[in-house]
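The structure appears below as structure tokens.
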Amino acid sequence: MSNAERHYHIVTYGCQMNVHDSERIAGMLSELGYTQIDDIGLADIVVFNTCCIRENAENHAYGNIGMLKKLKAARRDMIIAVGGCMPQQIGKADVLHKKFPYVDIIFGTHNLGKLKDYIELKQGRKKAVIEIQEREGAVTEDDRPLRTSYPNAWINIMYGCNNFCSYCIVPYVRGRERSRRSENVIAEARSLVGEGYKELTLLGQNVNSFASGGGDVTFPELLRAIAAIDGKFRLRFMTSHPKDFSEELARAIAGEPKICNCIHLPVQSGSDRILKAMNRKYTSADYLRKIDILRKYVPDCAVTTDLIVGFPGETDEDFRDTLALVKKVGFSSAFTFVYSKREGTAAAKMPGQIPEEVSKARIMELVELVNSLTREHSAKYVGRTCEILCEGYDEKRGLYLGRDEYGRMGYFKGDDSLIGSFVNIRVNEANGVSLMGETVK
Ligand code: 5AD
Ligand code: SF4
């Protein structure tokens with residue numbers, strides 16, 4: 001390793017938005033001349049891109065930052081930066097600074113784009129650089145992310161959230177909804193397709209409110225415009241709030257083969273009482289109606305969801321309502337969470353916080369149900385041929401892997417030349433969420 005070489009290592013917590021934010025951070029670091037390194041111990045700069053959506057994400061970050069204390073003592077020139085959602089919470093930057101005085105840079109979600117300046121500033125001084133921009137600025141249109149997931153690429157189309165679900169901290173740390181200009185999103189998509197990316201995922205907390213977030217077209221219009229770009233590629237999007245799901249969106253999915261027949265539509269609960277307390281602005285019947293509309297246009301559409309158990313005041317009956325709704329919809333998979341109390345949110349002040357053992361029992365029952373639905377879906381694949389976009393090689397299994405249009409992971413024998421191409425596999429075994437198959441012409 002030559003002296004001139006400098007390396008970065010990024011630790012990412014949380015959602016896909018954060019994964020893409022880390023690509024933006026990587027883009028900035030590479031402009032400064034750093035290259036990525038897997039071994040954190042050899043990095044010249046380590047960035048923790050944090051998440052605060054649940055307490056365990058925060059605890060995870062605390063643990064990992066704490067573990068760097070010794071390393072930093074041995075390598076004083078190493079720069080440690082902590083950014084993202086955790087420091088963006090009111091008062092949290094000070095807590096982090098006190099707990100980890102050896103951290104060099106602390107920055108929030110709204111000033112992520114200035115990390116380059118902070119690194120330069122820090123190199124000339126001893127004191128930590130701590131900057132949290134309280135309010136969101138204009139959307140960034142000129143990012144140069146260093147994409148790390150070929151043949152998949154993520155495109156941020158909007159930032160922030162206006163929904164204030166009563167349990168959720170996102171609107172407090174990501175600010176209000178603001179959309180990018182459609183022409184810039186379309187140009188970015190076109191250039192990614194030109195570079196050979198085969199799957200584009202449009203990202204936002206709530207992509208269906210692209211227009212109400214200041215976008216110049218509706219979300220289905222944006223999807224159609226991107227789908228019209230020449231070339232073979234897939235188009236996905238996440239996340240959609242059920243209250244903004246429209247018939248126009250269902251028609252766009254049905255009418256454009258490039259838009260994958262799958263949607264992530266978080267329902268959170270099946271109890272109307274809890275949905276109201278969560279401030280979700282729909283009932284379980286409203287949700288089911290939307291699913292009916294979707295399936296009228298796209299009968300084979302895979303629907304995935306997010307579910308929370310143990311929200312304050314959740315009775316056993318409320319929980320049964322959730323189980324019933326999950327069965328009725330027949331989700332092809334779901335992310336399940338135990339409610340986590342977040343200071344500053346409306347739900348944190350609600351009476352009836354649920355004891356841990358009750359939440360644990362509920363989540364186990366829910367996970368069991370979700371897994372059985374997933375297995376049912378996977379079993380239907382056996383004997384079928386499906387088109388997989390090969391993403392890479394799985395060392396553990398010694399097989400190549402990729403997803404089909406519905407988001408199911410397929411594994412098969414092959415070689416590196418398949419990475420980034422569409423491969424037909426005949427499924428001969430279904431294993432939970434994984435499909436095992438062999439390539440066919
Ligand atoms: N506790 C548990 N889960 C939460 N989510 C958001 N906030 C909380 C919380 N306080 C979940 C929701 C959301 C997903 C991204 O995270 O299900 O859809
Ligand atoms: Fe959080 Fe609700 Fe916004 Fe999703 S829609 S980010 S759950 S406030």
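Order of appearance sets the numbers: ligands from 1, and atoms from 1 within every ligand.
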For Gln268, atoms of ligand 1 separated by under 4.0 Å from a heavy atom: 12 (C), 13 (C), 17 (O), 18 (O)
Contact (N/O only, under 3.5 Å) between Ser340 and ligand 1: yes
Nearest option to atom 15 (C) of ligand 1, as decided by whichever heavy atom of Asp306, Leu307, Val170 sits closest: Asp306
Side chain, backbone, both or neither: the part of Arg280 lying under 4.0 Å from ligand 2 by heavy atom: side chain
Check: Glu195/Tyr150 side-chain N/O donor and acceptor closer than 3.5 Å: no
Ion pair check, Asp286 and Arg289, cut-off under 4.0 Å: yes
Thr239 to ligand 1, any heavy atom closer than 4.0 Å: no
Ser209 (side chain) donor-acceptor with Ser212 (main chain) under 3.5 angstrom: no
Cys161 near atom 1 (Fe) of ligand 2: N/O/S under 2.8 Å: no
Part of Phe337 within contact of ligand 1 (heavy atoms, under 4.0 Å): side chain
Salt-bridge criterion met for Arg320 and Asp316 (N-O under 4.0 Å): yes
Presence of salt bridge, Glu199 and Arg403, under 4.0 angstrom: no
Side chain, backbone, both or neither: His241 near ligand 2, heavy atoms under 4.0 Å: side chain
Ligand 1-proximal atoms of Ile169, by part, heavy-atom distance under 4.0 Å: neither
Gap separating the CD atom of Glu343 from the NZ atom of Lys92, nearest 0.5 angstrom: 9.0 Å
Option with minimal heavy-atom separation from atom 7 (S) of ligand 2, where the choices are Phe164, Tyr167, Tyr172: Tyr167
Within reach of ligand 1, part of Ile53 (heavy-atom separation under 4.0 Å): both
Ligand 1 versus Lys341: contacting region, heavy-atom distance under 4.0 Å: neither
Nearest neighbour in protein (non-hydrogen) for atom 5 (S) of ligand 2: Asn163 ND2, 3.4 Å
NE2 (His377) with more than 12 external heavy atoms under 6.0 Å: yes
Atom 7 (N) of ligand 1 [closest protein heavy-atom partner, distance rounded to 0.1 Å]: Tyr167 CD1, 3.3 Å
Subset of ligand 1 atoms that lie under 4.0 Å from at least one heavy atom of Arg342: 10 (N)
Enumerated ligand 1 atoms positioned under 4.0 Å from heavy atoms of Tyr339: 1 (N), 2 (C)
Atom 2 (Fe) of ligand 2 [closest protein heavy-atom partner, distance rounded to 0.1 Å]: Cys165 SG, 2.3 Å
Salt bridge present between Glu188 and Arg147 (N-O < 4.0 angstrom): yes
Heavy atom of the protein closest to atom 1 (Fe) of ligand 2 (residue, atom name, distance): Cys168 SG, 2.3 Å
Distance in Å, Phe107 CZ paired with Glu131 CD, rounded so as to fall on 0.5 Å steps: 11.5 Å
Thr140 side chain vs Asp143 backbone, donor-acceptor pair below 3.5 Å: no
Shortest protein heavy-atom distance from atom 11 (C) of ligand 1, along with the residue and atom involved: Arg54 NH1, 3.2 Å
Numbered atoms and elements of ligand 2 in range of Pro171, under 4.0 angstrom, heavy atoms: 8 (S)
Thr109: which of Gln133, Arg174, Glu136, Gln88 passes side-chain hydrogen bond (donor to acceptor under 3.5 Å, both in side chains): Gln88
Atom 2 (C) of ligand 1 - nearest protein heavy atom and its distance: Val338 O, 3.4 Å
N-O pairing of Glu55 and Lys341 below 4.0 Å: no
Donor-acceptor pair between Tyr381 and Asp404 side chains, under 3.5 angstrom: yes
